[in-house]
Amino acid sequence: MPVRFVRPVSHSAYTARRLALSALALFVIAALAHRFGPLATPDFLALLFLSAAIAAVSVPLSLIGLIRLWQVGATGGVAATKGLIYAGVPLAVVATGAFYYYTLPPLFDISTDIADPPPWVAEPKAGQKWLPRSTIITPADRRVQFAAYPGLTGRRYEGALDRVYQGVQKAVLSARIAITKKEGVELIAPDIAQRPAPQDEQAPVPDVAPIPLPRPEPSLAPVFVNAGDVLLQGETRTLVLGLRFDLVIRLREDAETTSVDIRVASRYGPHDLGMSEAIAEDFLDWLDTELLGIAGN
């Protein structure tokens, strides 16, 4: 009579695969709803942590399944391996974020000009929910930024304001930045082809002389923005997860040069995980590329 060996079954391995698959599905659905749908960042992060917690529970179960396979040849080795792979996706995302959270300074607003940051055309507002943060950026925060990112500085180009502005417009498109508000663009000289033609010196003089108006009274209201500044406020999103960032670009003409500064702030949370600095550097690199040849020292 033939002897048939019945292999034991590792229920831990199959349970781990089901848990890990549910964690992965939750992460993918939340990521798509956040990137392309109406899901806000605080809600997305809550679902991300939940999926990572479910994935973390499945990991020891998968390891038990692999141990059972090694010791007694229990079935479930493939299921345990799949469980580890499925769980690795949300766990890797959370682990990467935790690494940057604890190794980078807790900043959410950075600027290339720490002494005189570009002001917002309209202060960004968003419901932080369970991600509260301070609404005031102190000089100490700017010093922390300088210590963390000493190479993040503005640019100065040899060129008129209108030419640098054209380069900024191209760099904005390349950096996937959407400009939503503008201030001071009337200072940019229009193209010579679009300027109105000068009036004929022989044009007839009107019969009625213009009546002089009284001189306006000087205003005592404080001015917070340099009269010669051009401000471009916009927003951008990270490519994969779609995290939102607000930014403002300032152009300031000085004699024969034009300086460009940028300020970037994460829309949610007290920590940008270093992404604000990466967004600013990406824009400045594109701007250097566009204005190559007129950049000054």
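This is a predicted model, so every value here is computed, not measured.
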Next on the checklist: Can a donor-acceptor pair be found, under 3.5 Å and without considering hydrogens, that links the side chain of Glu235 to the backbone of Ala178?
Outcome noted: no
Checklist entry - Quick one: do Leu241 and Tyr101 end up in the same hydrophobic cluster if we chain Ile, Leu, Val, Met, Phe, Trp and Tyr together by side-chain heavy atoms under 4.5 Å apart? => result yes
Checklist entry - Judged by atom type as modelled, is there a donor-acceptor pair below 3.5 Å linking the side chain of Gln169 to the main-chain atoms of Val164? => result no
Checklist entry - For Trp130, does the CH2 atom have more than 12 heavy-atom neighbours from other residues, nucleotides or ligands under 6.0 Å away? => result yes
Checklist entry - When hydrophobic residues are tied together by side-chain contacts of less than 4.5 Å, even through go-betweens, does Val78 share a cluster with Trp70? => result no
Checklist entry - Would a 4.5 Å heavy-atom cut-off, applied to side chains only, mark Val230 and Ile188 as touching? => result yes
Checklist entry - Side chains of Leu231 and Ile249: closer than 4.5 Å at any heavy-atom pair? => result no
Next on the checklist: Between Asp43 and Lys129, does any side-chain N to carboxylate O distance fall below 4.0 Å?
Outcome noted: yes
Checklist entry - To the nearest 0.5 Å, how far apart are CZ in Arg18 and NZ in Lys82? => result 13.0 Å
Next on the checklist: With a 3.5 Å distance limit and no angle check, can you tell me whether His271 reaches the backbone of Leu104 through a side-chain donor-acceptor pair?
Outcome noted: yes
Item to check | Any donor-acceptor pair under 3.5 Å from Gln145 side chain to Ser111 backbone | outcome: yes
Item to check | Crowding at CZ, Arg155 (>12 non-hydrogen neighbours, <6.0 Å) | outcome: yes
Next on the checklist: Which label fits Phe44 and Phe27: parallel for a plane angle under 30°, tilted from 30 to 60°, or perpendicular past 60°?
Outcome noted: tilted
Checklist entry - Say you draw a straight line from CG of Leu61 to NE2 of His11; how long is it, rounded to the nearest 0.5 Å? => result 13.0 Å
Item to check | Thr258/Arg252 under side-chain contact (heavy atoms from CB on, under 4.5 Å): CA gap, chis, key distance, verdict | outcome: CA-CA 6 Å; Thr258 300; Arg252 177 176 292 174; over 6 Å; no
Item to check | Glu277 (side chain) donor-acceptor with Leu152 (main chain) under 3.5 angstrom | outcome: no
Next on the checklist: Checking Thr81 against Leu66 for the side-chain contact (heavy atoms from CB on, under 4.5 Å) test, could you report, in this order, the C-alpha distance in whole Å, the side-chain angles of both residues, the deciding distance, and whether it holds?
Outcome noted: CA-CA 8 Å; Thr81 303; Leu66 293 176; 4.0 Å; yes
Checklist entry - Heavy-atom distance under 4.5 Å between the side chains of Gln233 and Pro124, does that happen here? => result yes
Checklist entry - Does Lys170 offer a backbone N or O that forms a donor-acceptor pair with the side chain of Ser174 under 3.5 Å? => result yes
Item to check | Residue pair Leu161, Leu251: steps toward the side-chain contact (heavy atoms from CB on, under 4.5 Å) verdict | outcome: CA-CA 7 Å; Leu161 183 63; Leu251 289 78; 3.7 Å; yes
Checklist entry - What about Leu273 and Phe99, same hydrophobic cluster or not, with Ile/Leu/Val/Met/Phe/Trp/Tyr joined at side-chain heavy-atom distances under 4.5 Å? => result yes
Next on the checklist: For Val248 and Ile262: C-alpha separation, side-chain torsions, deciding distance, then whether side-chain contact (heavy atoms from CB on, under 4.5 Å) applies.
Outcome noted: CA-CA 6 Å; Val248 59; Ile262 183 172; over 6 Å; no
Next on the checklist: Working to the nearest 0.5 angstrom, can you tell me the gap between Thr236 OG1 and Asp282 CG?
Outcome noted: 8.5 Å
Next on the checklist: Starting from Val185, can I reach Val260 by hopping between I/L/V/M/F/W/Y residues whose side chains sit under 4.5 Å apart?
Outcome noted: yes
Next on the checklist: Working note: Arg250 + Asp116, criterion salt bridge (Lys or Arg N to Asp or Glu O under 4.0 Å); need CA distance, chi angles, decisive distance, verdict.
Outcome noted: CA-CA 11 Å; Arg250 180 180 65 195; Asp116 180 24; 3.5 Å; yes
Checklist entry - Within the side chain of Thr257, is there an N or O that forms a donor-acceptor pair under 3.5 Å with the backbone of Tyr157? => result no
Item to check | Shortest non-hydrogen contact between Gly83 and Ser58, atoms and distance | outcome: O-OG, 4.4 Å
Checklist entry - Hey, does Ile179 have a side-chain heavy atom less than 4.5 Å from the side chain of Ile177? => result yes
Item to check | Flag side-chain contact, heavy atom, 4.5 Å: Val168 against Phe283 | outcome: yes
Checklist entry - Heavy-atom distance under 4.5 Å between the side chains of Asp109 and Arg142, does that happen here? => result yes
Next on the checklist: Tell me if a side-chain donor or acceptor on Arg176 pairs with a main-chain N or O of Arg237 at a distance below 3.5 Å.
Outcome noted: yes
Checklist entry - Taking the side chain from Ser10 and the backbone from Gly76, do they hold a donor-acceptor pair closer than 3.5 Å? => result no
Next on the checklist: Determine whether a donor-acceptor pair (N or O, by modelled atom type, separation under 3.5 Å) exists between the side chain of Thr238 and the backbone of Leu243.
Outcome noted: yes
Checklist entry - So, for Ile110 and Ala280, which heavy atoms are closest and what is the spacing to 0.1 Å? => result CD1-CB, 4.0 Å
Next on the checklist: Measuring from atom OH of Tyr86 to atom CD1 of Ile54, what distance do you get when rounded to the nearest 0.5 angstrom?
Outcome noted: 16.0 Å
Next on the checklist: Assigning hydrophobic clusters by single linkage (Ile, Leu, Val, Met, Phe, Trp, Tyr; side-chain heavy-atom cutoff under 4.5 Å), is Leu63 placed with Val72?
Outcome noted: no
Item to check | Side chains of Pro139 and Arg143 in contact at under 4.5 Å (non-hydrogen atoms) | outcome: yes
Checklist entry - Regarding Arg133 and the six-membered ring of Phe108, is the cationic atom NZ or CZ under 6.0 Å from the ring centre and inside 45° of its axis? => result yes
Next on the checklist: Less than 4.5 Å apart, side chain to side chain, heavy atoms only: is that true for Tyr14 and Arg17?
Outcome noted: yes
